[in-house]
Amino acid sequence: MSDRRSLTVASWNVRAAIGPGEPFPPSWWRRVTRDRLEAIAAFIVGLGADVVALQEVALGNVDGAPFDQPAELARLTDMDVAYAALHHYTLVEHDSGRAVGAVLWGNALLSRLPVVERAAHALPVPADDALVEPPGTRDPRPGFDGDHPLSGIRYADAGMGPREARCVLDCTVDAHGTPVRILSTHLAYVGREQRRAQAEAIVGVAAGSEPVVFAGDLNAAIDDPELEPLRGAFVDAFAATGTPPASPARESCGRMAIDQLFVRGLRPLECRVVRESGDRSDHWPVRAELALAG
């Protein structure tokens, strides 16, 4: 935990306590375990952060049993919680096709500091006729050689997954008398132009605010073209503390460096990927120490 002149923040895609593995598992709700959620909470406590932005946090019910991961993580960590989700869907068993419940899938913020304001903002989704990726787009995933599987495909023909509703959770915390705005989000997992539109929207949401922290799973490397709006509006905490874009030290999801932390009006002192979290998720947390002004 930071002193009165600094702020410690972290960001982590916790994958709803499903655990690691590719591809995303069918009937994933059967993979969620109490032990894994408790292990995630224990690691969050060990991070010693004032504020933790989380992605892929679930709230819903299965077979009549409700589950509330935001509230449970708040209880286990003894931190205040905010939650925002727009994406919701019916849970259908992979083998039987039986509907067993429903879920919200979104972003959370855990804070040891007082949360004095909170809001949610919808992010853009593409039109039916827009292409998910232009024809000939290569698959960017490590180990994949060939065209992107949705290259040249219209969103209308790609199903709902590629343009699921996304939002940014927008909170202001009282950091020892200094109001600091904290934004947490998870950008679209496909569609570079979709991600760029979402990045531009976040710049608009944060316009005029300082100090501000923006963190999340952006599904893009820091030097990818779609993150240009963010690079122009914020300071990349990794680069500011000596970790360049191409460094393997930025890899936060296997070989992908897609979890980012940006600031404005704060001075990054340290920023690193915390790989000690092991296999609690398919991502590792990003943690930063930030100096407050004054």
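Quick note: residue numbers are just sequence positions, from 1. Nothing here was measured: the structure is a model prediction, and the numbers come from that model.
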Undergrad: First locate atom CG of Leu113, then atom NE2 of His176, and finally report the distance between them rounded to the nearest 0.5 Å.
TA: 5.5 Å
Undergrad: Salt-bridged, Arg154 to Asp129, with N to O below 4.0 Å?
TA: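 Yes, this pair counts.
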Undergrad: Should we count CZ of Arg264 as having more than 12 external heavy atoms under 6.0 Å?
TA: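 Atom CZ in Arg264 is packed in, count exceeds 12.
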Undergrad: For the salt bridge (Lys or Arg N to Asp or Glu O under 4.0 Å) test, which of Asp223, Asp236, Asp259 pairs with Arg250?
TA: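 It is Asp236; the other options fail the test.
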Undergrad: Do Glu226 and Arg196 sit within salt-bridge range, that is, some charged N less than 4.0 Å from a carboxylate O?
TA: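 A salt bridge is absent here (no side-chain N lies under 4.0 Å from a carboxylate O).
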Undergrad: Under the rule for ring-ring contact (aromatic ring centres under 6.0 Å, His included), what residues qualify as partners of Phe43, not counting sequence neighbours?
TA: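 Counting only residues at least two positions away or on another chain, Phe43 forms a ring-ring contact (aromatic ring centres under 6.0 Å, His included) with Trp12.
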Undergrad: If I take atom CH2 from residue Trp284 and atom OG from residue Ser252, how far apart are they, to the nearest 0.5 angstrom?
TA: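 Answer rounded to 0.5 Å: 8.0 Å.
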Undergrad: Determine the sole option in Leu187, Leu227, Asp224, Leu218 for which the side-chain contact (heavy atoms from CB on, under 4.5 Å) test with Arg195 is passed.
TA: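 Of Leu187, Leu227, Asp224, Leu218, side-chain contact (heavy atoms from CB on, under 4.5 Å) with Arg195 is met by Leu187 alone.
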Undergrad: Would you call Asp63 and Arg98 a salt bridge, using N to O less than 4.0 angstrom?
TA: yes
Undergrad: Does a salt bridge link Arg75 with Glu72, judged by any charged N lying under 4.0 Å from a carboxylate O?
TA: yes
Undergrad: Students often mix this up, so state it plainly: with edges at 30° and 60°, are the rings of His87 and Tyr89 parallel, tilted or perpendicular?
TA: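 Geometry flag for Tyr89 against His87: tilted rings.
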Undergrad: Just do the salt bridge (charged side-chain N to carboxylate O under 4.0 Å, His left out) check on Asp170 and Arg181 with the steps written out, would you?
TA: CA-CA 7 Å; Asp170 178 5; Arg181 200 169 173 190; 2.6 Å; yes
Undergrad: Under a 4.0 Å N-O cut-off, is there an ion pair linking Arg272 with Glu289?
TA: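 Salt bridge absent between Arg272 and Glu289.
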Undergrad: Can you find a pair of side-chain heavy atoms, one from Leu110 and one from Leu73, that are under 4.5 Å apart?
TA: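 Sidechains of Leu73 and Leu110: in contact.
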Undergrad: By side-chain hydrogen bond (donor to acceptor under 3.5 Å, both in side chains), which residues pair with Asp68, not counting sequence neighbours?
TA: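 side-chain hydrogen bond (donor to acceptor under 3.5 Å, both in side chains) list for Asp68, sorted by chain: empty.
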Undergrad: Does Ile40 share a hydrophobic cluster with Phe67, counting links as ILVMFWY side-chain heavy atoms below 4.5 Å and allowing steps through other members?
TA: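 Result: no, two separate clusters.
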Undergrad: Could you tell me whether Arg36 and Glu38 have a side-chain N and a carboxylate O separated by less than 4.0 Å?
TA: no
